[in-house]
Amino acid sequence: MDKELELKKAKRTALLFLLAAAAVFVVTAFLPRSFAIDCVKAVSEAAMVGALADWFAVVALFRKVPIPLVSAHTNIIPNNKDRIADNLAQFVRDKFLDPASLVDLIRKHDPVAVLGRWLAEPANDRVLGGYVVRLASGMLDMADDARIQHFLKRALHTVLDKLDLSQSVATVLDGLTRNGKHQEVLDDVIRQLAIYLGTEENREVIANGIVHWLKEEHPAMEKMLPTSWVGDKGAEWISEALYTLLEQIGKDRSHALRRRFDEAIAGFIVRLRDDPAMQDKAEEIKRYIRDGEAVNAYIGDIWANLRNWLREDLASEQSELHARVAAMGRWLGDELARNTELRGALNQHMEDAARAMAPDFASFLTRHISDTVKKWDTKEMSHQIELNIGKDLQYIRINGTLVGGCIGLLLFLSSHLIALLRN
């Protein structure tokens, strides 16, 4: 049964109680007087008073009752819509969105642990993967929209136009070279080169290069010399010489090549900042990235291939993206279940975020609730409230009829008892 029918049925029931009390009153008014008849009449009178009083109270909430002197205090909900809106918004803000309540909620429910348990369930990692797949599909559809593509292109061009490439690169390099961080990169390069030179496969490549060089540059000498031996020995000598040099550079923090590397990086940073030629070159690179047909075509091809791969993967039942997200969800769930310190840290950050964000969010939501309720049609709002609580209000009318009758009975008996005591 829908709310309209329920409300009508409840109203008819309350009306029947009133009509029953009125019928009893009318019948008893024409009957010969006696103690019992007078008692029933008094009960029916009081029941009618209670029923009519509660009818007025209920009706006055939703519509105007044209009774002199009291009509100004009827139609309460429609007349006070704006105040109701402000009070409702204030109630939500004070009782649900204040920082203390949110922090207590986080501490009570431990949301990180709840998330960990959810992710640890085998079925839920597939659910998470499905959500991500649907989200990725929606993003791909959005990216195919010509209007979105035009917006993204304009946004990229705006960013590039505002970007000072030479100064940005200089700032990045300055940060990377501060405190000798670039020397750590050099050390890693030295280690990788040493490993490269130490393998037989790479020495064979060097030997073949020496043999090829002899054949191309000195063909006569190549026929006289044992080229295979020369290539092997040359590769060995070159490797050992370079390995020794790299070892020296690695051990000596003040090696000449390290100083030259420092000077080259520092000089390059200065040129990026101060050399007009370098700045012009940076602007030329920006224009090439922004307007170059080859670059844009290349980026377009990369995006097209990536998009096609993603679409095929997302449409497949054996989606790699789905599997990876599911695996990541399982790992995260296991890690959150195992690591109590991580859970505590994440919950603490959530509490800090609640304290920091709750006032602004509460203010926004308060305005939203208040403004939304104020925009509602007054009659429609009143009708919707009556649909939702009107059925219960009709029981107030019914109870008023019954309670009124009981009070009438008590008053009637009390008056006769007092009369008997006087006599």
Side-chain angles (χ1 to χ4, degrees), residues 3 83-143 148 175 306 309-311 313-376 381 384-385 387-389 391-392:
K3 293 180 180 180
R83 190 169 66 179
I84 292 172
D86 292 334
N87 290 337
L88 175 62
Q90 185 74 23
F91 174 78
V92 172
R93 185 185 69 182
D94 293 343
K95 301 301 181 182
F96 296 97
L97 296 177
D98 63 298
S101 297
L102 294 177
V103 170
D104 289 342
L105 190 67
I106 293 171
R107 291 176 179 174
K108 178 180 179 181
H109 294 285
D110 192 1
V112 177
V114 173
L115 174 62
R117 289 193 295 271
W118 188 86
L119 290 173
E121 291 291 330
N124 291 335
D125 57 13
R126 293 190 292 273
V127 174
L128 177 63
Y131 287 151
V132 174
V133 165
R134 288 195 293 273
L135 176 63
S137 298
M139 293 180 66
L140 285 176
D141 292 338
M142 183 178 67
I148 300 296
L306 176 62
W309 176 85
L310 283 172
R311 286 194 181 281
D313 182 74
L314 295 175
S316 172
E317 294 183 357
Q318 306 297 326
S319 171
E320 184 175 345
L321 178 62
H322 186 288
R324 289 184 180 274
V325 172
M328 181 185 68
R330 288 193 298 272
W331 171 84
L332 181 59
D334 294 339
E335 186 66 19
L336 290 176
R338 181 187 63 82
N339 194 332
T340 56
E341 292 184 358
L342 177 61
R343 290 202 308 272
L346 291 175
N347 280 327
Q348 182 61 50
H349 285 298
M350 290 182 66
E351 292 178 15
D352 295 339
R355 292 188 187 94
M357 298 172 60
D360 292 336
F361 180 71
S363 178
F364 163 77
L365 192 60
T366 299
R367 291 195 304 271
H368 175 67
I369 293 173
S370 178
D371 293 343
T372 300
V373 174
K374 289 177 180 178
K375 290 178 182 177
W376 288 349
M381 183 193 77
Q384 289 299 321
I385 294 176
L387 281 180
N388 285 276
I389 66 172
K391 177 183 176 182
D392 296 318

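The first residue in the sequence is number 1, and the count goes up from there. Remember, it's a predicted structure, so these values are computed and weren't measured experimentally.
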Side chains of Gln90 and Asp86, donor plus acceptor under 3.5 Å: no
Verify, without hydrogens or angle tests, whether [X] (side chain) and [Y] (backbone) share a donor-acceptor contact under 3.5 angstrom.
{"X": "Thr372", "Y": "His368", "answer": "yes"}
{"X": "Asn87", "Y": "Arg83", "answer": "yes"}
{"X": "Asn124", "Y": "Ala120", "answer": "no"}
{"X": "Arg117", "Y": "Ala337", "answer": "no"}
{"X": "Arg93", "Y": "Thr366", "answer": "no"}

Any residue meeting ring-ring contact (aromatic ring centres under 6.0 Å, His included) with Phe96, in chain and number order, not counting sequence neighbours: Phe91
Gap between atom [atom2] of [Y] and atom [atom1] of [X] - 0.5 Å precision:
{"X": "Met357", "Y": "Asp352", "atom1": "CE", "atom2": "CG", "result": "12.0 Å"}
{"X": "Asp334", "Y": "Leu119", "atom1": "CG", "atom2": "CG", "result": "9.0 Å"}
{"X": "Arg134", "Y": "Met139", "atom1": "CZ", "atom2": "CE", "result": "15.5 Å"}

Any [X] side-chain heavy atom under 4.5 Å of [Y] side chain:
{"X": "Met350", "Y": "Val112", "answer": "yes"}
{"X": "Trp118", "Y": "Val127", "answer": "yes"}
{"X": "Leu332", "Y": "Leu336", "answer": "yes"}

side-chain hydrogen bond (donor to acceptor under 3.5 Å, both in side chains) evaluation trace for Asp360 with Ser363: CA-CA 5 Å; Asp360 292 336; Ser363 178; over 6 Å; no
Would one find more than 12 heavy atoms of other residues, nucleotides or ligands at under 6.0 Å from atom CZ of Arg324?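 No, because the 6.0 Å sphere around CZ of Arg324 holds 12 heavy atoms or fewer from other groups.
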Contacts of Ser319 meeting side chain to side chain donor-acceptor pair (under 3.5 Å) (sequence neighbours excluded), chain-then-number -> Asp313
Taking only residues two or more places apart in sequence or in another chain, which ones pass side chain to side chain donor-acceptor pair (under 3.5 Å) with Asp110? Asn347
